[in-house]
Amino acid sequence: MNSFFSEDNWINWVDALSENHYVVIDNILPTEVLHDLKSSFDERVQEEQLRKAAIGTLNQKHVDRSIRGDEILWLDQNIADRRIRTFFDLADEIKQNLNRYCYLSLSGYEFHFAHYPVGTFYKRHLDQFQGRNNRLISMILYLNEDWKPEYGGQLHLFLEDGREETILPTFGRMVMFKSDVLEHEVMLTAHDRYSITGWMLYQPVGLGFLEAAPVH
Ligand code: OGA
Ligand code: NI
């Protein structure tokens, strides 16, 4: 398999991730691949395959629109849709490079399509929580063409030194951050907001239906 990016690129990004706990990469995939992903996503939205995302732990899972308002569909790597295959090739390359340069023991990943309808958000939270700590790196790929700042829907990262970072969910932008360290929030969106969101896992335990609990 050909590499998407050079070793130098990966070393720079992994350094940034280690140092700042997050990294933002624009144009992570060619435009036609992004369009393919979005068309696959659009089809599933039309077929009403997405479900309201839940919060909570293994035994207490519930939908709470005052905490998170997105609807999701977990992706199965083995489905025949060639439009999402390139994304998984990229995920493999990311996993390999994080293992190589970050000395992580990542053994798997999980991803879902996420759609935030107009008027939704996801309150400040951590992607790791009690009973579910195998998520090491959070990864989000945004699929919103012509996103404008006035639409809102920013990803807000609460950095450890008290600073905050605000990231617009623009087409082809990928954000990676440490799941156990960075609290974050999705701001109210005034426009339909689409992404592929997922996690690099320490152990694939098949508990992908569990969602992060909010921090209080
Ligand atoms: C999440 C999440 C951020 C985003 O799904 O846990 O925080 O920008 N998503 O969509
Ligand atoms: Ni999150």
Side-chain angles (χ1 to χ4, degrees), residues 17 20-26 28 34 37-38 41 44-45 50-57 61-75 87 91 94 109-145 147-149 151-160 164-202 207-216:
L17 187 60
N20 310 323
H21 303 319
Y22 76 98
V23 62
V24 179
I25 306 168
D26 284 325
I28 189 84
L34 295 167
L37 284 167
K38 182 61 169 40
F41 194 163
R44 291 148 205 262
V45 170
L50 279 73
R51 294 288 170 264
K52 287 187 176 75
I55 53 167
T57 52
K61 199 171 153 262
H62 62 286
V63 171
D64 185 341
R65 312 291 280 170
S66 71
I67 293 171
R68 98 179 266 198
D70 57 331
E71 45 182 44
I72 64 169
L73 175 69
W74 287 99
L75 292 180
F87 175 79
I94 291 172
Y109 44 61
E110 58 188 5
F111 293 100
H112 60 59
F113 281 132
H115 168 221
Y116 286 76
V118 174
T120 60
F121 49 81
Y122 192 163
K123 291 281 193 207
R124 182 171 175 166
H125 66 280
L126 205 57
D127 288 348
Q128 257 200 8
F129 58 97
Q130 211 182 359
R132 183 72 208 270
N133 62 358
N134 68 324
R135 289 174 168 175
L136 293 189
I137 304 288
S138 303
M139 257 179 68
I140 305 142
L141 167 64
Y142 298 110
L143 296 171
N144 306 299
E145 279 183 285
W147 192 265
K148 297 190 172 53
Y151 294 167
Q154 306 92 334
L155 171 66
H156 210 87
L157 299 177
F158 298 90
L159 306 181
E160 276 195 317
E164 294 174 16
E165 184 72 71
T166 299
I167 297 161
L168 285 179
T170 55
F171 198 61
R173 171 171 281 176
M174 176 172 278
V175 182
M176 287 192 265
F177 57 87
K178 292 191 191 167
S179 308
D180 59 334
V181 176
L182 280 199
E183 290 182 8
H184 54 282
E185 177 169 0
V186 178
M187 310 308 283
L188 180 73
T189 187
H191 214 266
D192 286 292
R193 179 190 192 270
Y194 300 95
S195 63
I196 297 180
T197 301
W199 295 272
M200 292 285 157
L201 304 176
Y202 178 60
L207 292 174
F209 54 88
L210 292 175
E211 296 308 321
V215 287
H216 295 288

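Heavy-atom basis, side chains included; hydrogens, waters and symmetry copies ignored. Indexing begins at 1, ligand by ligand and atom by atom, following the structure's order. Throughout, numbering of the chain's residues begins at 1 and tracks the sequence.
With R135 contributing its side chain and D180 its backbone, the two residues share no donor-acceptor pair below 3.5 Å. The main-chain N or O of I137 is found under 3.5 Å from a side-chain atom of S179 such that the two form a donor-acceptor pair. Using modelled atom types, no side-chain atom of R124 and backbone atom of E183 make a donor-acceptor pair closer than 3.5 Å. Panel note: side chain T170, backbone W147; no donor-acceptor pair is recorded below 3.5 Å. The main-chain N or O of Y202 is never found under 3.5 Å from a side-chain atom of N134 such that the two would form a donor-acceptor pair.
Residues H125 and H184 bring their aromatic ring centres within 6.0 Å.
Rounded to 10°, the angle that OD1 of D127 and NE2 of H125 form at the Ni ion (ligand 2) is 90°.
For ligand 1, the polar-atom distance check finds an N/O of Y142 within less than 3.5 Å of one of the ligand's N/O atoms. Between H184 and ligand 1, a contact under 3.5 Å exists for at least one N or O pair. Polar contact check, H125 against ligand 1: a nitrogen or oxygen pair lies under 3.5 Å apart. At under 3.5 Å, a nitrogen or oxygen of R193, whether backbone or side chain, sits near a nitrogen or oxygen of ligand 1.
Under 4.0 Å from ligand 1, the heavy atoms of D127 that appear belong solely to its side chain.
For H184, the N/O/S atom at the shortest distance from the Ni ion (ligand 2) is named NE2.
R173 is listed as a side-chain neighbour of D26, based on a closest heavy-atom distance under 4.5 Å.
Close approach of ligand 1 to I140 (heavy-atom distance below 4.0 Å) involves ligand atoms 3 (C), 4 (C), 8 (O). Annotation for ligand 1: atoms under 4.0 Å from non-hydrogen atoms of T197 are 5 (O).
By the 4.0 Å heavy-atom criterion, E185 is excluded from the residues contacting ligand 1.
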